[in-house]
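Read through the structure below, which is laid out as structure tokens, and then see the notes.
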Protein chains: 2
Amino acid sequence: MARTRASSPSLDPMDGLAFLLSQVGAHAAARFAERLVPLELAPPHAGILKVIKRADGLSQQALGEKLGVFPSRLVALLDDLEKRGLVERRDSPTDRRSYALYLTDAGRDALEKLDRTAREHQDALCAALDESERAQLADYLARIAAQQQLTPGVHPGFRKLDRPEGRRGGSPGPC
Amino acid sequence: MARTRASSPSLDPMDGLAFLLSQVGAHAAARFAERLVPLELAPPHAGILKVIKRADGLSQQALGEKLGVFPSRLVALLDDLEKRGLVERRDSPTDRRSYALYLTDAGRDALEKLDRTAREHQDALCAALDESERAQLADYLARIAAQQQLTPGVHPGFRKLDRPEGRRGGSPGPC
DNA sequence: TATTGTTATACTCTATAACTATA
DNA sequence: TATAGTTATAGAGTATAACAATA
């Protein structure tokens, strides 16, 4: 067999770039989840807190759509956060069926701790790269994410297809 | 608040590099699993076929250790592959408790199809990058993987800790 | 009749424990 | 007594379906 094409960095496609992405990505996710344990949070909680902070007063419906999480699953996740006093379910002033979600002061504190944790995590994870290499890596990944139509800030989890709901509004928007 | 440190490519740590790695990695894994469906294989099967190819005749014990998969889980995965005629469990000549695992001809065919699929997957995934950028990205990821002590070719899945068994032999080795 | 949030249920994936047959 | 493979069981995590209150 002639060596096809230019120097591919590795020979076996299963040890290739796609595998590396998946391997390092899974590692990153697992280590992040680990760091969240002392905060008594799981990764989905983190995403929820972040979205509520940016869109105070939104409904569970809206939250679930933004994160690609099923309504029934949101109930349990929000129960956790409410029980711990990080999130409040206030009655919506306009629609008595729905709630308006708000961060409490404790919720804002938790979000700050969470941001610190995420920063530490990222530093530890990328210890092998210097500052400019990290920027270059982030650029590559952002370009892949954009080309693959991943919604910024939304983790695919393990959905079969990203974006289970048909609609994905035109603007990549704030979140 | 003064802007601390140099230009970080993104402001919010949850939209940072670590998140991108996890997001793109999960996407890569999901799309790969999708491409495996027509082959009637799941990602763990792929890893198993690959290891058996490289280490013909090894035991389930050895296989499980190499992949970080529990023995009980291997049973079902190997049952799948054996039922489909891709893998053979031969009696070990030296120890009647254990099997020696071998790829069948059909198994080798499947592995080839799998390699093609992986190549197509990688091409589609990295469409946003040209050849030299892909090489650069692979280098970054390989360096992170090495620094984080990930075993080459072994997917962390979602284990709490990588490397559940204590021993990890000195050499990063063939697989 | 449609929608919001809820509950109950089921399914997938993975880990733990107990068992058997060898060693 | 310890080990290889197996079986049975249980636990996450997530999706589906049916339901009550409201629109």
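Lettering follows sequence order; numbering is per chain, from 1. All values below were derived from every heavy atom in this structure, side-chain atoms included, with hydrogens, water molecules and symmetry-related copies excluded.
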Short heteroatom pairs, N/O only, protein and nucleotides 16-20 of chain D, under 3.5 Å:
from, atom 1, to, atom 2, distance (Å)
dT16(D), O4, S72(A), OG, 2.7

Atom-to-atom span, CG of L77(A) to C1' of dT6(C) - whole angstrom: 14 Å
Carboxylate-amine/guanidinium contact R134(B) D139(B), below 4.0 Å: no
Integer-rounded Å distance: dC13(C) P and H155(B) NE2: 15 Å
Interatomic distance, L36(A) CG vs dG13(D) P [rounded to whole Å]: 12 Å
Heavy-atom check, side chain of D80(A) versus side chain of H45(A), under 4.5 Å: yes
Length of the CG-P vector between D79(A) and dG5(C), whole Å: 13 Å
Side-chain (T104(B)) to main-chain (G85(B)) donor-acceptor, under 3.5 angstrom: yes
Over all atoms of both residues, closest heavy-atom pair of K113(A) and L39(A): CD-CD2, 3.8 Å
dA4(D) phosphate, OP1 or OP2, under 4.0 Å from Q61(B) side-chain N/O: yes
Sub-4.5 Å side-chain heavy-atom contact between E133(A) and D130(A): yes
Atom pair distance, as rounded to whole Å: CD1 in I48(A) and P in dG13(D): 13 Å
Close approaches to DNA chain D from residues 80-97 of chain B, in residue order (heavy atom, under 4.0 Å): R89(B), R97(B)
For atom CG of L74(B) and atom P of dA15(C), their distance in whole Å: 11 Å
Ring pair (Phe, Tyr, Trp, His ring centres under 6.0 Å) contacts in which one or both residues fall within residues 111-135 of chain A, not counting sequence neighbours: F32(A)-H121(A)
